[in-house]
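Structure record follows, encoded as structure tokens.
A, B, ... follow the sequence lines: proteins, then strands. Residue 1 opens every chain. Just so you know, these numbers use all the heavy atoms, side chains as well, and skip hydrogens, waters and symmetry mates.
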Amino acid sequence: MSERRYEAREIEARWQSVWAQEGTWEVDNRTSQATAGIRSHPPGGTTRAQSDKSYVLEMLPYPSGEPHIGHLKNYAIGDAIAHFRRRTGHRVLHPMGYDSFGLPAENNAIKTGVHPRVATEQSIAAFQRAFRSWGISIDWRREIASHEPDYYRWTQWIFLQLYKRGLAYRKESAVNWCPNDQTVLANEQVIDGRCERCGHEVELRQLEQWFFRITDYADRLLDDLDRIDWPEHVKTMQRNWIGRSVGAEVNFRCAELGIDYPVFTTRPDTLFGATFFVMAPEHPDVFRLAAGTPNEQAVHQYVNHALTESAEERGDAEKTKTGVFLGRTVTNPVTGEEIPMYVADYVLMEYGTGAIMAVPAHDERDHAFARAYDLPIRQVVAPKDGSAVDLRTEAYVTKADDAILVNSGDFNGLTPKAGFERIVHWLDLEGIGHPSVNFRLRDWLVSRQRYWGCPIPIVYCDEHGMVPVPEDQLPVTLPEVQDYQPRGRSPLATAQDWVNTTCPRCGGPARRETDTMDTFVDSSWYFLRYCDARNDDQAWDPAVLREWMGVDQYIGGVEHAILHLLYARFFVKALADMDLLDVQEPFNALFTQGMILGPDGQKMSKSRGNVIPPTPLIERFGADSVRTYILNMGPPDQDAAWNDNALSGAHRLLSRLWTLGSELGAGARGPLATGDAEAVIQPADPSGDGLTLVRKANWAIDRVTSEFVGRFGFHNAIAAVTELVNDLYRYPQADIEARKFAVATAASLTFPFAPHLGAEVFEMVTGRRAWEEPWPAPDPAMLVADSFELVCQVNGKVRDRVRAPSGSSREQLEQLALAAPGIVAHLEGHELVKLIVVPDKLVNVVVR
RNA sequence: GCCCGGGUAGACAAACUGGCAAAGUCGGCGCUCUUAAAAAGCGCUGCCCGCAAGGGCCCUGCGGGUUCGAUCCCCGCCCCGGGUACCA
């Protein structure tokens with residue numbers, strides 16, 4: 001009697017060393033341009049279509065400290081998919097890397113004096129150990145880290161390509177400034193007026209900065225969302241962020257000064273209701289307009305106050321509207337009326353033209369302003385049914401077809417939609433307006449006044465101004481500095497030897513750009529580099545990209561729904577326009593996994609003390625158990641709270657499977673044993689309990705497979721395997737061939753979730769390697785039973801169940817149901833109205 | 001405010017989007033093995049009546065509707081989570 005038990009650590013170490021020694025998860029490029037380290041097939045060799053490849057990618061980790069349990073979830077999901085795709089005949093690219101530039105390492109350096117590189121590389125080492133101990137199937141030859149010159153050389157190269165095409169540019173504008181981190185931030189990094197990283201209130205500062213012209217791609221970024229298989233809510237978030245608004249630009253003329261002021265409006269149909277006009281405090285003409293009017297002083301005071309407000313104060317929609325009369329009027333182009341001009345901080349310079357026509361009757365904000373300053377409110381839209389609207393308390397905001405235009409001259413009686421079209425057309429003919437589209441999306445601010453990032457490859461020459469560093473001089477390496485403390489300018493500025501350089505154009509003295517790039521630049525193209533990671537001559541060989549791109553399945557957290565996923569899409573489109581690659585979208589399919597919450601149901605955080613570090617769990621239960629548990633917690637796209645007991649349940653499942661394997665196999669052989677390898681063969685003619693097991697095994701194959709091709713409901717897949725294992729314990733008398741088949745199937749199906757244990761048990765029973773076996777296909781004959789339980793209902797309520805042969809005719813089923821005792825009892829005293837028959841399922845007897 | 005998700009046993013969840021509500025896991029209760037415990041294995045576990053066999057009624061946040069039949073579709077409401085918020 002064997003006392004052996006499932007020893008996860010032993011098993012996992014053994015298989016991990018096999019995979020490392022044999023390079024099991026490495027995949028070669030087929031393309032001819034051989035590059036060091038990654039073999040390529042010679043040209044003329046078999047070039048199959050791209051259709052057999054599958055690029056499975058999890059978002060690369062930001063290496064800070066030790067990996068946490070959320071990382072494990074991310075990579076457990078991706079690894080399961082990668083394994084499944086390999087075994088369904090795909091060449092799978094499944095690489096790994098590190099997003100290794102960034103603020104936390106730098107802030108740590110400020111605190112401790114340890115170079116960010118040291119802390120980062122320590123963390124990378126911890127991640128590497130973790131990935132190996134978790135048994136993630138990675139092609140390590142393609143590993144990258146964005147802080148290494150080998151990588152950021154090409155980040156700089158891409159910057160220069162964007163610069164050449166006018167997609168990277170410098171401009172002065174009001175930008176978000178975090179006084180705590182002492183750097184500017186992209187719009188996307190400001191959450192509720194606060195810094196995404198440190199939570200400090202963000203200020204607006206007028207600064208000259210580097211931008212990427214992502215707004216040029218607004219339409220394509222929006223339209224192409226329809227072509228990719230992403231969760232609908234992520235697409236919606238991107239659509240809202242891009243914020244396309246269709247409307248018109250209309251000129252309002254200030255006759256006194258003879259200047260036209262265009263405004264953007266989405267409601268040209270309400271033009272007749274425009275009773276005043278408002279400009280943003282930043283509008284360049286505000287002082288000019290007020291000059292010489294009695295309001296000049298008040299305007300200056302108001303503007304100065306508005307400009308010093310924080311982004312949060314300024315953005316508060318709840319606060320009462322304020323503003324000041326500019327002392328001038330403009331002409332409403334359709335009514336000919338002179339309407340007063342105001343400056344007010346609810347109008348934003350960055351959107352539209354920085355000026356608006358105010359229609360207080362039909363816009364909430366204008367309504368609030370009109371009420372505060374007692375301005376006229378003129379109704380120009382009314383309910384079609386003639387009912388009255390009380391405009392004293394709130395605006396009547398509708399574009400629906402149950403409303404019509406009123407007080408709008410020739411346009412009276414039109415629906416808002418029709419009025420929109422007709423008025424814009426009329427404005428166009430008169431030359432005072434035209435159709436216009438506006439976006440909420442702003443250009444991407446990419447420069448940062450921080451140390452630990454990719455240097456911007458630009459120098460400033462007294463003679464030639466801004467000069468790009470020639471491509472053959474890349475990388476511009478990050479210099480060593482003594483002091484990482486940001487002081488409003490980049491710490492790089494203190495590296496005098498580095499800053500002072502020569503102009504590539506004239507050889508004269510020049511200074512380097514000292515800002516570094518936002519780390520989101522690094523992560524906007526890493527998935528391209530994996531394809532050709534060891535290429536020293538170029539960022540990638542376009543032919544290699546043709547082989548692998550786009551990513552067939554991308555997996556990561558929703559927190560990147562806007563930032564990373566939008567920037568990466570922009571990069572790919574821009575690079576495609578330069579003929580450097582030929583896909584339009586980086587990620588054809590996206591899966592967003594949910595968070596693992598602490599046992600208290602709260603987000604894990606050090607301050608809450610509810611963090612579950614993965615390593616002790618791995619040591620105690622093994623990576624397979626933790627991986628299986630994490631995938632079994634619930635739908636993987638949903639958040640779920642940690643539960644130690646449930647983890648031991650997953651461990652129990654694997655242990656039970658291992659026990660079955662060790663009983664049926666000739667004991668553990670070890671992976672290199674030369675046993676009598678037998679294919680997994682379904683017994684030819686199973687019967688009794690054996691037939692039950694064979695059927696269950698086929699049912700499990702079917703269920704697990706459908707989760708992989710469908711919604712990735714791995715908890716359901718694992719439940720199916722659990723049922724199969726439970727049945728193996730329930731029917732110990734089944735014949736040995738059927739049991740072997742069922743255990744081998746269970747191991748085979750478990751392999752993507754628990755690869756070590758899956759491989760071990762599979763090998764014990766068959767002498768073969770699970771990952772070299774094709775994914776099992778269910779035997780259709782075993783998926784259908786020859787009889788089923790016919791549900792018998794009366795008026796939709798279940799009253800009986802009887803066995804019926806599969807494929808029975810309606811008449812047969814009706815007779816069976818009507819004879820069922822439970823039905824007979826409920827028919828007494830009732831009149832039979834009709835019979836509903838669902839073949840192979842149920843009969844419903846409708847009575848009165 | 002607006003836009004998405006979501007609400008099913010004590011907990012996490014399933015039900016292939018109109019056909020047996022609750023698979024599977026955890027927890028709880030009981031049993032087997034054991035000197036004992038652990039481990040392992042087995043059984044029970046929505047509510048009410050009944051010692052029980054069994055039966056009845058109820059049950060997917062709440063209220064209505066459509067349907068032979070609703071967790072699923074429609075209308076109204078309540079709660080939770082996320083996104084976004086003066087974008088004209």
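- Close to B:A38, at under 4.0 Å from its OP1 or OP2, lies no side-chain N or O of A:Arg5.
- Between A:Val845 and A:Leu647, the residue whose closest nucleotide on RNA chain B is further toward the 5' end is A:Leu647.
- Distance, A:Arg267 CZ to B:C86 P: 20 Å, rounded to whole Å.
- Figure legend. B:A88 is base-paired to no nucleotide; pairs are counted as Watson-Crick or G-U wobble with both atom distances under 3.5 Å.
- B:A21 and B:C72 have their P atoms separated by 14 Å, with the value rounded to a whole Å.
- Cation-pi geometry between A:Arg440 and A:Trp241 is met: the NZ or CZ atom falls under 6.0 Å from the ring centre, inside 45° of the normal.
- Geometrically, A:Lys321 does not engage A:Phe369 in a cation-pi contact, judged by NZ or CZ lying under 6.0 Å from the ring centre and within 45° of the ring axis.
- A:Glu364 comes within contact range of no nucleotide atom at all, as no heavy-atom separation falls under 4.0 Å.
- Pairing of B:G63, defined by two Watson-Crick or G-U wobble distances under 3.5 Å, is identified with B:C75.
- Residues A:Phe439 and A:Tyr351 place their aromatic rings such that the two centres sit no closer than 6.0 Å.
- A straight line from CG of A:Leu724 to P of B:G24 spans 13 Å, rounded to a whole angstrom.
- Of the listed nucleotides (B:C86, B:G83, B:G24), B:C86 has the atom at the smallest distance from the side chain of A:Tyr346.
- Taking atom C1' on both nucleotides, B:A70 is separated from B:G28 by 33 Å, rounded to a whole Å.
- Between A:Arg730 and A:Asp727 a salt bridge is recorded (basic side-chain N to carboxylate O distance below 4.0 Å).
- Comparing the P positions of B:U25 and B:C44 gives a spacing of 13 Å, expressed to the nearest Å.
- A:Val838 comes within contact range of at least one nucleobase, with a heavy-atom separation under 4.0 Å.
- Within 4.0 Å (heavy atoms only), A:Gly634 reaches no atom of the nucleic acid at all.
- The A:Ile356 side chain lies nearest to B:A88 when the options are B:C57, B:A88, B:C4.
- Rounded to an integer number of Å, the gap from CE of A:Met237 to P of B:C4 is 14 Å.
- Taking the side chain of A:Asn645 as heavy atoms from C-beta on, and the options B:C68, B:C26, B:A21, the nearest nucleotide is B:C26.
- Separation of the C1' atoms belonging to B:G46 and B:C42 is 23 Å when rounded to the nearest angstrom.
- Across B:C26, B:A23, B:C57, the shortest atom-to-atom separation from the side chain of A:Ala719 is found for B:A23.
- Across all strands shown, A:Tyr729 has heavy atoms under 4.0 Å from sugar-phosphate atoms exclusively, and none from any base.
- Candidate nucleotides B:A13, B:C68, B:G24 were compared by shortest atom distance to the side chain of A:His715, and B:A13 ranks first.
- Using a 4.0 Å cut-off, no side-chain N or O of A:Gln793 falls inside it from OP1 or OP2 of B:C68.
- No hydrogens or angles considered: a donor-acceptor pair under 3.5 Å links the side chains of A:Thr215 and A:Asp443.
- Of the candidate nucleotides B:A13, B:C42, B:C68, B:A13 has the atom lying nearest to any side-chain atom of A:Pro635.
- Contact between the side-chain N/O atoms of A:Arg239 and the OP1/OP2 oxygens of B:C3 is not found at any separation under 4.0 Å.
- Of all nucleotides listed (B:G43, B:A85, B:C68), B:G43 comes nearest to the side chain of A:Arg730.
- In this structure, B:G46 forms a base pair with B:C58, meeting either the Watson-Crick or the G-U wobble geometry with both donor-acceptor distances under 3.5 Å.
- Searching all strands for a Watson-Crick or G-U wobble partner of B:U8 with both distances below 3.5 Å returns nothing.
- Annotation: cation-pi pair A:Arg803/A:Phe788 absent, no NZ/CZ under 6.0 Å from the ring centroid and within 45° of its normal.
- Counting non-hydrogen atoms of neighbouring residues, nucleotides and ligands closer than 6.0 angstrom, the CZ atom of A:Arg239 exceeds 12 such neighbours.
- A:His651 has its ring centre no less than 6.0 Å from the ring centre of A:Tyr629.
- A distance of about 12 Å separates the P atoms of B:C26 and B:A39, rounded to the whole Å.
- The side chain of A:Thr266 approaches B:A88 more closely than any other nucleotide in the set B:A88, B:C4, B:C26.
- Side-chain proximity of A:Thr722 to B:C26, B:U25, B:C58: nearest is B:U25.
- In this structure, CD1 of A:Ile718 is placed 15 Å from P of B:A13, rounded to the nearest angstrom.
- Looking at heavy-atom distances under 4.0 Å, A:Val558 makes no contact with the nucleic acid at all.
- Rounded to an integer number of Å, the gap from A:Phe712 CZ to B:A13 C1' is 20 Å.
- Base engagement by A:Arg442 is indicated by at least one non-hydrogen atom pair under 4.0 Å involving a base atom.
- Within the shown strands, nothing qualifies as a pairing partner of B:A52 under the Watson-Crick or G-U definition with both distances less than 3.5 Å.
- Distance noted for atom P between B:G1 and B:A11: 29 Å (whole Å).
- Look at the P atom in both B:G65 and B:U71: the space between them is 15 Å, to the nearest Å.
- Using a 4.0 Å heavy-atom cutoff across all strands shown, A:Val846 reaches sugar-phosphate atoms only and no base atom.
- For A:Phe252 and A:Phe277, the ring centers sit closer than 6.0 Å to each other.
- A:Lys841 has no carboxylate O lying under 4.0 Å from a charged side-chain N of A:Glu789, or vice versa, which leaves the two without a salt bridge.
- Contacts of A:Arg703 with the nucleic acid, taken as non-hydrogen atoms under 4.0 Å apart, are absent.
- Pair assignment for B:A40: B:U32, on the basis of Watson-Crick or G-U wobble contacts that are both within less than 3.5 Å.
- To the nearest angstrom, C1' of B:A23 lies 8 Å from NZ of A:Lys696.
- A close approach under 4.0 Å does occur between a side-chain nitrogen or oxygen of A:Asn726 and OP1 or OP2 of B:U25.
- OP1 or OP2 of B:A85 sits under 4.0 Å from a side-chain N or O of A:Arg440.
- Rounding to whole angstrom units, CG of residue A:Asn643 and P of B:C26 are separated by 10 Å.
- The side chain of A:Asn716 lies closest to B:A15, out of B:A15, B:A88, B:A85.
- Base pairing of B:A14: no nucleotide in any strand meets the Watson-Crick or G-U wobble criterion (both distances under 3.5 Å).
- Here B:C80 presents its P atom at 19 Å from NZ of A:Lys603, a figure rounded to the nearest Å.
- When the P atom is compared between B:G6 and B:G10, the two are found 23 Å apart, to the nearest whole Å.
- Applying the 4.0 Å criterion to OP1 and OP2 of B:A88, one finds that A:Ser245 has a side-chain N or O inside that range.
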